[in-house]
Asks: 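I'd like to ask some things about the structure below.
Each chain gets a letter, A, B and so on, in the order its sequence line appears, and its residues count up from 1.
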Protein chains: 2
Amino acid sequence: MKTLRLTSTDKTLLLDSRFFARLPRPTAETIVEGAIVSTHEEHDILFRQDEPIDHVFFVLSGLVRLYRLGKDGREADVAVLPKGEIFGANAMFLEHRATANAQAAEALIVARFESHKLRQLAAENTEVAQALIELLCRYGKMTEDCLAEDRLLTAPQRVANYILSHCPDGLSSFSFRLPFQKNVLAGKLGLAPEALSRAFSTLRQSGVTVKGRVIEIRDRQALERF
Amino acid sequence: MKTLRLTSTDKTLLLDSRFFARLPRPTAETIVEGAIVSTHEEHDILFRQDEPIDHVFFVLSGLVRLYRLGKDGREADVAVLPKGEIFGANAMFLEHRATANAQAAEALIVARFESHKLRQLAAENTEVAQALIELLCRYGKMTEDCLAEDRLLTAPQRVANYILSHCPDGLSSFSFRLPFQKNVLAGKLGLAPEALSRAFSTLRQSGVTVKGRVIEIRDRQALERF
DNA sequence: AAAGTTATTTGATCGGGGTCAATTTGTATC
DNA sequence: GATACAAATTGACCCCGATCAAATAACTTT
């Protein structure tokens, strides 16, 4: 882990992100000025479940995986966060304890903010509180979606869903590049890598072609029906 | 569904609940005065997924089940809320759309608050915003717990966990009465009723006895090890 | 381009839990 | 208490996905 200075692109990314964009410019800038930037290598742990943390994190580039550990050491992802996402915010209101482990899923740069300052700000400033509320709602809905998908859909259906979520509406055939390793996708969908692989090959019969990280869809409707 | 007046016990329950208790008394009382109380029979639907809702709900008595529907009509519970819990709050910040269906899991009395008023209040009053933030964090953590349990634990382990969560620490043997039908417990744990039944009988060998709704635990450690 | 890693795929096997059907138990009503 | 109905259990069966092992593909590094 190495500490860096906040570049102007970082600053732009922060200020344009969903969270900061809805704050009054001066407020956002004040917070952003206080950021500490650091780089991490794949597999680095940022913090551990139940550990006290005193920062809120923002992904400047790369990918973070939040996961829980089972007694037997098995891991279960509860979220995968790409560039532009915030994490660790909920800990501010849960005795400053992380609810999950955070690990760099690939080379990573994060900005961090002191949570007591942010918490204080949220207590004084309605705008900040509002932004936090929306953040938490969105995050809560994501987790709920995940839980429901796990309980309702088979592996191929989850994968089909994931693919469709990347399809701009209207198009019937399209292709895109996976934003991360299949490894990570598997975890995010609650599958073993082998199961993801098999799901892809099941979807072949519905017009899905996989070449490396590139996914090609021939027939959107077929996927939706799956 | 029948509309009732707010009784003084209802009022006490509301004001002593986690959400209202942390607000300044006058604020809490103002909100609570605006409550509309209604009764519902088991199986009644309060609102449906993706439907616009303009109220936030509070369980005065009985039980509410929040669940999502699969394409095939199967149901997946995302939360089960007993007396004292709030639900529908997240919709205020998600275009007023419910993220799940809400159904009375048994005879039910709820208080409801107009969400635009509450939202307005949260936008002006930091205390209210703060209370909402904590509510959402707690709720988010619950969902996360659920997701992780689903992915990490087998049916008997989930049931063991559930039982342990009702065991006052320090005690090695104890017994309690399930707060709802096994039916509902199964759904909450993401299991078919049959699987719950089988899980109980697996746990018999670890000193768990089930007689109707009463669960008896002979050896806490054995359960924890499971 | 070759060698060495690290991902991914494929095959084989196995166990958990869903579903359906048939009892059994529990609860409510008269 | 006897009857009727709903809830819970048990058995039989099957499918999905985890796991282990082996083969192949995709990157790195030189």
Side-chain angles (χ1 to χ4, degrees), chain A residues 41-43 63 65 70-77 104-107 148-162 177-205 208-215 226, chain B residues 41-43 63 65 70-77 104-107 148-162 177-205 208-215 226:
Chain A
E41 309 198 351
E42 191 172 343
H43 302 306
L63 203 68
R65 199 168 73 88
K71 282 203 292 268
D72 52 0
R74 274 181 24 259
E75 304 180 348
D77 290 18
E106 57 183 52
E149 281 204 358
D150 269 28
R151 292 186 172 180
L152 291 171
L153 305 181
T154 65
Q157 289 174 321
R158 278 180 245 176
V159 176
N161 252 209
Y162 176 80
R177 197 181 147 76
L178 289 177
F180 34 68
Q181 288 194 167
K182 297 210 180 108
N183 215 348
V184 178
L185 178 57
K188 178 180 157 70
L189 298 179
L191 298 172
E194 297 94 327
L196 175 63
S197 210
R198 280 187 244 274
F200 274 131
S201 69
T202 302
L203 292 177
R204 222 174 357 229
Q205 67 190 51
V208 174
T209 320
V210 180
K211 278 202 298 286
R213 274 204 193 176
V214 178
I215 313 286
F226 200 92
Chain B
E41 309 198 351
E42 191 174 343
H43 303 306
L63 203 68
R65 199 169 74 88
K71 283 204 290 267
D72 53 0
R74 272 178 28 257
E75 303 179 350
D77 289 19
E106 56 183 52
E149 281 205 357
D150 269 27
R151 292 185 172 180
L152 291 171
L153 305 182
T154 65
Q157 288 174 321
R158 279 179 244 176
V159 176
N161 252 209
Y162 176 79
R177 197 182 145 77
L178 289 177
F180 35 68
Q181 287 196 319
K182 297 207 180 113
N183 214 350
V184 178
L185 178 58
K188 178 179 156 73
L189 298 177
L191 298 173
E194 295 94 326
L196 175 63
S197 210
R198 280 186 245 273
F200 274 131
S201 68
T202 301
L203 292 178
R204 223 179 348 234
Q205 66 190 53
V208 174
T209 320
V210 179
K211 278 201 300 285
R213 275 204 192 174
V214 178
I215 313 287
F226 200 93

Asks: Measuring from atom CG of A:Asn183 to atom CG of A:Leu196, what distance do you get when rounded to the nearest 0.5 angstrom?
Replies: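 Those atoms lie 9.5 Å apart.
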Asks: Does a side-chain heavy-atom distance below 4.5 Å link B:Phe226 with B:Thr202?
Replies: yes
Asks: Given atom CD of A:Gln181 and atom C1' of C:dT6, what is their separation to the nearest angstrom?
Replies: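 Between C1' of C:dT6 and CD of A:Gln181: 8 Å.
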Asks: Rounded to the nearest angstrom, tell me the gap between atom CD in A:Glu42 and atom C1' in C:dT6.
Replies: 10 Å
Asks: Measuring only between side-chain heavy atoms, which start at C-beta, is A:Arg204 closer than 4.5 Å to A:Val208?
Replies: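 Heavy-atom side-chain distance check fails, nothing below 4.5 Å.
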Asks: Let's go through B:Thr209 and B:Phe200 carefully: what are the C-alpha distance in whole Å and the side-chain angles of both, what is the deciding distance for side chain to side chain contact (heavy atoms under 4.5 Å, CB included) to 0.1 Å, and is it a yes or a no?
Replies: CA-CA 8 Å; B:Thr209 320; B:Phe200 274 131; over 6 Å; no
Asks: Rounding to an integer number of Å, can you tell me how far B:Asp150 CG sits from D:dA18 C1'?
Replies: 16 Å
Asks: Are the side chains of B:Gln181 and B:Glu42 in touch, meaning some heavy atoms are under 4.5 Å apart?
Replies: yes
Asks: Using a strict 4.0 Å threshold on nitrogen-to-oxygen distance, state whether A:Arg65 and A:Glu75 make a salt bridge.
Replies: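 Yes, this pair counts.
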Asks: Would you mind reading off the distance between B:Asn183 atom CG and C:dT27 atom C1', rounded to a whole angstrom?
Replies: 15 Å
Asks: Can you tell me how far P of C:dT6 sits from NZ of A:Lys182, to the nearest Å?
Replies: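 In whole Å, C:dT6 P and A:Lys182 NZ are 19 Å from each other.
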Asks: Could you tell me whether B:Asp150 and B:Arg158 have a side-chain N and a carboxylate O separated by less than 4.0 Å?
Replies: yes
Asks: Would you compute the distance between atom CD1 of B:Ile215 and atom NZ of B:Lys182 and round it to the nearest 0.5 angstrom?
Replies: 6.0 Å
Asks: Quick one: are B:Asp77 and A:Arg151 in side-chain contact, heavy atoms under 4.5 Å?
Replies: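 Sidechains of A:Arg151 and B:Asp77: in contact.
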Asks: How long is the line joining CZ of A:Phe180 and P of C:dT8, in whole Å?
Replies: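 Whole-Å distance recorded here is 11 Å.
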Asks: Classify every nucleotide of nucleotides 25-30 of chain D by which part a protein heavy atom approaches to under 4.0 Å, writing B for the base, S for the sugar-phosphate alone and - for neither, in 5'-to-3' order.
Replies: ------
Asks: Expressed as a whole number of angstroms, how long is the span from A:Leu189:CG to D:dA18:C1'?
Replies: 16 Å
Asks: Return a single string for nucleotides 10-23 of chain C, one symbol per nucleotide in 5' to 3' order, where B is base contact, S is sugar-phosphate-only contact and - is none, cutoff 4.0 angstrom on heavy atoms.
Replies: BBB----SSBB---
Asks: Could you tell me the separation between the CG atom of B:Leu178 and the P atom of C:dG26, rounded to a whole number of Å?
Replies: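 Nearest whole value for this atom pair: 14 Å.
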